[in-house]
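Okay, structure first, notes after.
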Amino acid sequence: MIEKKILGSHAFIQSLLNEGVDTIFGYPGGAIMPIFDALYDFDKHINHILTRHEQGATHAAQGYARVSGKVGVCLVTSGPAATNTITGIGDAMIDSTPLVVITGQVGALLLGTDAFQEIDVVGITQPITKWSYQIRKAEDIAWAVARAFYISRSGRPGPVVLDITKNAQFEKVDFEYKPCTFIRSYIPIPEVSNDQINAAAALINQAKKPLALVGQGVILANAENELKAFLEKGNIPAAWTLLGSSAMSTDFELNKGFLGMHGNVAPNMKTNECDVLIAIGMRFDDRVTGDLSRYAKQAKIIHLDIDFAEINKNVKVDAPVLGTAKETLPALTDKILHAKHTEWIESFKEYDEREFEKVLLKEVFPTFGEITMGEVIRKVSEATNNEAIMVSDVGQNQMMAARYFKYTKTRSSVTSGGLGTMGFAIPAAMGAKIGAPERTVCMFAGDGGFQMTIQELGTIMQEQIGIKMVILNNHFLGMVRQWQEMFFEERYSFTKMQNPDFIAIAKAYKIDGSEVRKREELDEAIANMLKDDKPYLLVVNVEMKGMVYPMIPTGASVSDILLG
């Protein structure tokens, strides 16, 4: 349908509506003012959330995308606003989060003149996006938006940047919108190869000790049911990466826990004991593999992934299987045999019992001493019947939350994986709650990370976003302090923090909260936090020098896991 001669700014909003956009996170300014003016006419169709910083807008859009499965959208102005989005764009690229970031730009005639708030957005963002494009004419708006959303959501998802000049927003154009469904030379989903499926199935059918490693690719492909069917037919134990958490419910009998540096002992040890390793939608990150020269050398390795670039990038594989997990898992399931592997699965218990005795009794079920991070996370998870969305920041709080929060539903874990962005939690939790308003969102942050985006309390106040924020306050940059203790002779260089009165700050933003210093206060405080759907801040003072164990030191083998 063609609408005669509308402003470029209105064409832009109409294009977003054609892509099903219902929420935008952003911050207005001069070079993007015409589009914000057009938004005034579409306030019943698009919900704009005014964040307090452009980085907050990108992380909020990430949280929204991760729980909803939709493309997250940001709208900001030029110059410093555009550069403030870089961290979120980079985060989304590494973590395969579909994001469209729209930045304003000076008029086309001023490009290259060092005009006020002009910066080369395309040049800066090309290395950390799937596509970055500058719109200089109104007639290109509909085409560019359609292409941006197609690229962002298709195949392996990721961020796209559209930099739109001010003149393009003011120009008039005959508007016609055509969704993009094909780009020459871009093949987002590889065709499934029967030969690859057959080769992988043959290895699985010969296996005596198979182990599956589950990554976020399963969640992005909406293949959770297909994963379960595959694991159950083959009776294959499975472990998950940080971003793969919640792909399987915690109580699923074949779910054997968390992989990586601070993961569970059993799946890490079994990586170097299995005879067939089946990686599904994961990228063999260094935090999962440890020393590659000593990683799963005894095993035949199968790698299911949508991205050809990940195959053999870090780990040499014996049977690559290209394609989306939604298609490759059922194809593989049809070819594998029903199996038992009873003795192999039972062998995980010895490691689980050792970890429970050496780590969990002290961290998750303490009966004396200071409050621990692990017990706080366990209690919050249990108080939500393990049905909440968990959002974590970066550091000790992140690893503790990954270890001890439990899940019954998919798309329930939101955290910064590959980039490890402190300050991620508050805005990402806001986006998660807006993306899934019917669900409880529990956020965990350290005292350091919380203060990096603390200004977003203003957004929470204005929009009444009912997230439950928990600060695990140890008065340190906890993970850095842990490394200083273990590897730098306890030289605590600039990691101790003098913190403000967080509850007073929350009160200034009209957000209720409470502070816990004693274990006997914890249960009641958590119950008060969860009693309604209003925003709430709970500050829990935890042990100052707590440690996250187990731990695989940098450069060590996954078999060299430390228990304390």
Side-chain angles (χ1 to χ4, degrees), residues 94 211 213 215 239-245 256-274 277 279 282-299 313-315 348 350-352 354-364 372-374 392-404 415-422 446 448-449 472 474 476-496 543-564:
I94 295 177
L211 176 63
L213 311 183
W240 39 271
T241 67
L242 179 64
L243 295 186
S245 59
K256 298 303 176 183
F258 177 31
L259 291 164
M261 178 176 280
H262 293 287
N264 296 114
V265 175
N268 278 308
M269 295 295 289
K270 292 300 180 181
T271 298
N272 278 356
E273 296 178 22
C274 66
L277 193 68
M282 54 88 73
R283 58 188 179 86
F284 289 111
D285 176 76
D286 62 289
R287 288 295 175 99
V288 165
T289 64
D291 181 4
L292 283 169
S293 69
R294 292 181 283 166
Y295 182 77
K297 292 302 179 182
Q298 80 294 338
K313 184 179 82 174
N314 294 327
V315 173
F348 282 71
E350 179 184 350
Y351 290 122
D352 291 338
R354 189 187 311 172
E355 183 175 349
F356 184 85
E357 180 182 338
K358 296 288 187 181
V359 179
L360 272 71
L361 278 177
K362 175 186 175 184
E363 180 62 46
V364 189
T372 65
M373 289 189 184
S392 65
D393 210 78
V394 169
Q396 288 184 319
N397 67 89
Q398 180 185 41
M399 292 297 100
M400 290 292 192
R403 287 179 54 80
Y404 302 124
T415 195
S416 172
L419 198 61
T421 304
M422 287 181 69
L472 300 169
N474 59 10
F476 264 105
L477 298 176
M479 189 61 84
V480 184
R481 183 210 54 76
Q482 177 167 334
W483 282 52
Q484 288 172 336
E485 183 167 326
M486 296 180 69
F487 309 118
F488 291 89
E489 301 176 339
E490 299 184 23
R491 291 159 59 89
Y492 301 127
S493 179
F494 301 103
T495 47
K496 184 147 178 38
E543 56 182 339
M544 188 172 288
K545 293 189 177 182
M547 305 285 277
V548 186
Y549 285 114
M551 180 178 181
I552 301 168
T554 300
S557 164
V558 291
S559 299
D560 298 330
I561 192 165
L562 304 175
L563 292 177

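In this chain, numbering begins with 1 at the start of the sequence shown.
- At most 12 non-hydrogen atoms from other residues, nucleotides or ligands lie less than 6.0 angstrom from CZ of Phe488.
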* Yes or no on side chain to side chain contact (heavy atoms under 4.5 Å, CB included) for His262 and Met479, after CA distance, side-chain angles and deciding distance? -> CA-CA 11 Å; His262 293 287; Met479 189 61 84; 3.7 Å; yes
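- You'll find the side chain of Met399 stays beyond 4.5 Å of the side chain of Gln482, heavy atoms only.
- Of the inter-residue distances, the one linking Tyr351 atom OH with Lys256 atom NZ reads 14.0 Å to the nearest 0.5 angstrom.
- Between atom CD of residue Glu363 and atom OG1 of residue Thr372 there is a gap of 4.0 Å, rounded to the nearest 0.5 Å.
- Closest heavy-atom contact between Ser416 and Thr421: OG-N, 2.9 Å.
- Partners of Met544 according to the side chain to side chain contact (heavy atoms under 4.5 Å, CB included) rule, which considers only residues two or more places apart in sequence or in another chain, are His475, Phe476, Lys496.
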* To do: Go through the steps to decide whether Gln484 and Arg491 satisfy the test side chain to side chain contact (heavy atoms under 4.5 Å, CB included), and finish with yes or no.
  => CA-CA 6 Å; Gln484 288 172 336; Arg491 291 159 59 89; 5.9 Å; no
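- Residues satisfying the side-chain hydrogen bond (donor to acceptor under 3.5 Å, both in side chains) test with Gln398, not counting sequence neighbours, are Thr415.
- Residues that satisfy the salt bridge (Lys or Arg N to Asp or Glu O under 4.0 Å) test with Glu273, not counting sequence neighbours, are Lys270.
- Among residues two or more places apart in sequence or in another chain, the salt bridge (Lys or Arg N to Asp or Glu O under 4.0 Å) test is passed with Lys313 by Glu310.
- By the 4.5 Å heavy-atom criterion applied to side chains, Val288 and Tyr295 are counted as neighbours.
- Two residues are said to be in side-chain contact when any heavy atoms from C-beta on lie closer than 4.5 Å; Met400 and Leu472 fail this criterion.
- With sequence neighbours left out, the side chain to side chain contact (heavy atoms under 4.5 Å, CB included) criterion links Leu563 to Val265, Arg354, Lys358, Val359, Pro550.
- Residues satisfying the ring pair (Phe, Tyr, Trp, His ring centres under 6.0 Å) criterion with Phe487, sequence neighbours excluded, are Trp483.
- Using a 4.5 Å heavy-atom threshold, the side chains of Thr554 and Met261 count as touching.
- Using bins of under 30°, 30° to 60° and over 60° for the plane-to-plane angle, the ring pair Phe258/Trp240 lands in the parallel bin.
- Contact detail for Ala299 and Cys274: the closest heavy-atom pair is CB-O, 3.6 Å.
- In this structure, Tyr404 and Leu360 have side chains that are in contact, with non-hydrogen atoms separated by less than 4.5 Å.
- Listed by first and then second residue, the salt bridge (charged side-chain N to carboxylate O under 4.0 Å, His left out) pairs involving residues 548-564 are Arg294-Asp560 (not counting sequence neighbours).
- Residues in residues 392-401 take part in no salt bridge (charged side-chain N to carboxylate O under 4.0 Å, His left out) pair, two or more places apart or across chains.
- Annotation for Pro267 and Gly257: closest pair CG-C, 4.2 Å, computed over non-hydrogen atoms.
- Under the 4.5 Å side-chain criterion, counting only non-hydrogen atoms from C-beta, Thr271 is in contact with Leu211.
- Within the 4.5 Å cutoff, no side-chain heavy atoms of Glu543 are placed close to those of Met373.
- When all heavy atoms of Leu242 and Ala402 are compared, the pair lying nearest together is CD1-CB, 3.7 Å.
- Residues passing the salt bridge (Lys or Arg N to Asp or Glu O under 4.0 Å) test with Glu485, sequence neighbours excluded: Arg481.
- Annotation: side-chain hydrogen bond (donor to acceptor under 3.5 Å, both in side chains) contacts of Glu355 (sequence neighbours excluded): Asn264, Arg403.
- The two residues Ala279 and Met282 have their closest heavy-atom pair at CB-SD, 3.5 Å.
- Every residue meeting the ring pair (Phe, Tyr, Trp, His ring centres under 6.0 Å) condition with Phe348, not counting sequence neighbours, appears here in chain and number order: Trp344.
- Atom CG of Leu277 and atom CG of Leu213 lie 4.0 Å apart (nearest 0.5 Å).
- For the atom pair CG (Leu259) and OG1 (Thr289), the distance works out to 10.5 Å, reported to the nearest 0.5 Å.
- With sequence neighbours excluded, the residues satisfying side chain to side chain contact (heavy atoms under 4.5 Å, CB included) with Asn272 are Ala296, Gln298, Ser557, Val558, Ser559.
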